[in-house]
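In what follows, a single structure is set out as structure tokens and then discussed.
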Amino acid sequence: MISQQKYWNPVLETLAHEKIRKLQLEKFKRIFGWAHERSKFHRGLYEKAGIKPGDIRSFEDIRRIPTVEKSMMRGIQRKDPFPYGDALCVPLEEVSEFRQTSGTTGQPVYQADTWQDWEWWAECWAYILWAQGYRPKDRVFLPFGYNVFVAFWAGHYAAEKIGAEVVPGGVLDTQARILKIQELQCTAMMATPTYVLGMADTAKNKMGIDPRSLAIRKITCAGEPGASIPTTKKRMEDAWDAKVYDHAGATEIGAWCFECEAQSGGLHVNEAFFLVEIQDTETGEYIEEPGRRGKMIITALDRQAQPCVRFDSKDIIEWAPEPCPCGRSFRLIKGGVVGRADDITKVKGVLLAPSAIEEVVRGLDGLADEFEVIVDKEGDIDRITLKIEILKGREGERKRIEAQLKDQLRLKTNLGYNLEFHDYGTLPRYDVKAKRFKDLRGKH
Ligand SMILES: [Zn+2]
């Protein structure tokens, strides 16, 4: 019986690594040839660099192929065919799915998928859900907006594909969603970390329902790094008495990595479907060994309508040194996506990743889940303000909290902060992805 299988695909997930690499190389040649033949945009890029499909024989050859950036995809979308532009590799009538990026850093990118691509999305997500213990007996609740963003759409289809029962929480508000979870005794759900914590807060403080009393025992997170930040993960797991698993994916890429039930501190790259390369951002050198961070260049090896070939994702990742105890041969990236090349900024000459601040705040007893970081200038000098909330009834511990917070922040980020304490419930709340980091220096 399928529900007794440990892996969704027992062959691919345990294939010897040399064999996976061989498969990746063959698949890469195929998708590169496909993009070269069918996409005017890709062919132009490759002709300019003087590279033809027949030139690709090794992973070293792949590194000579130009990368594609989000801004380039934005640039072609004014071209025919509307609204996708000339990277489209299939006739427009074969497109069955429209999605768009969230556009937090500019004009959104429109993404076309055929039905075959969409089945591929669901298959990628089936690996994720199975690895996180989802089985046919689960009743899965999806508390998201079902709109133009890809969000958990493919998670929905994959849950159906593996045989679980799906409850779409669409336009219900947070309280109605919690009541539905309670009524139907749903056992699993998928949401952003911000929303997982927000739902727990609403249940507890507005409805008098302890989320731990509900039947949810598995939560799959995406959209923000929180489920790979140990202190945020612990807050979510404690609030819901559930296992919380991370997953990273993107509209232009697909669902490329996932945490498994072993929770070994890293995420598996689905190497049967994606080729991940890591490049040193300073030297441009490619990183094969564990322990060195760089930015990810990724290829979706099977996506056809609007291909993703050597996409410069700007995600900062590193290979983990040890294989995962779960037995999958797909390599792990340590600590998930640890930052974005765009988000990691210099403050007072020191590199600062916002996730380091999150780790400290969420690890401190007495602080609420919300916080906000503002970087601006006082005269010529950078200043970081951290706004936090003390939990109700813990106001008397402010001195202890302040001292611990200062110490921990100094230790983890090497910087001093201007701390602002706010009353519980007064900082902005977010429904989906939070905007907790604001760099105002450019505006002065
Ligand atoms: Zn594993």
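Ligands are counted one by one from 1 in listed order, and the atoms in each one are counted from 1 as well. Please read all numbers here as calculations on a predicted model, not as lab measurements.
Side chains of T114 and E94: no donor on one and acceptor on the other come within 3.5 Å.
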With a 3.5 Å cut-off and sequence neighbours excluded, list the donor-acceptor pairs that the side chains of residues 359-369 form with protein atoms.
residue, atom, partner, partner atom, Å
R362, NE, D369, O, 2.9
R362, NH1, T232, OG1, 3.1
R362, NH1, E358, OE2, 3.1
R362, NH2, D369, O, 3.0
D365, OD1, R394, NH2, 3.4
D365, OD2, R394, NH2, 2.8
D369, OD1, R235, NH1, 2.7

Distance-only donor-acceptor hits, side chain of residues 11-19, under 3.5 Å, sequence neighbours excluded:
residue, atom, partner, partner atom, Å
E13, OE1, R328, NE, 2.6
E13, OE2, W8, N, 3.1
E13, OE2, N9, N, 2.8
T14, OG1, P10, O, 2.6
H17, NE2, E271, OE1, 3.1
H17, NE2, R331, NE, 3.3

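For T67, there are no side chain to side chain donor-acceptor pair (under 3.5 Å) partners, not counting sequence neighbours.
Each of K387, K435, R436 was scored for a salt bridge (charged side-chain N to carboxylate O under 4.0 Å, His left out) with E370, with one residue passing: R436.
Geometric assessment of K218 against the ring of Y245 yields a negative cation-pi assignment under the 6.0 Å and 45° thresholds.
Protein N/O/S atoms nearer than 2.8 Å to the Zn ion (ligand 1) total 4.
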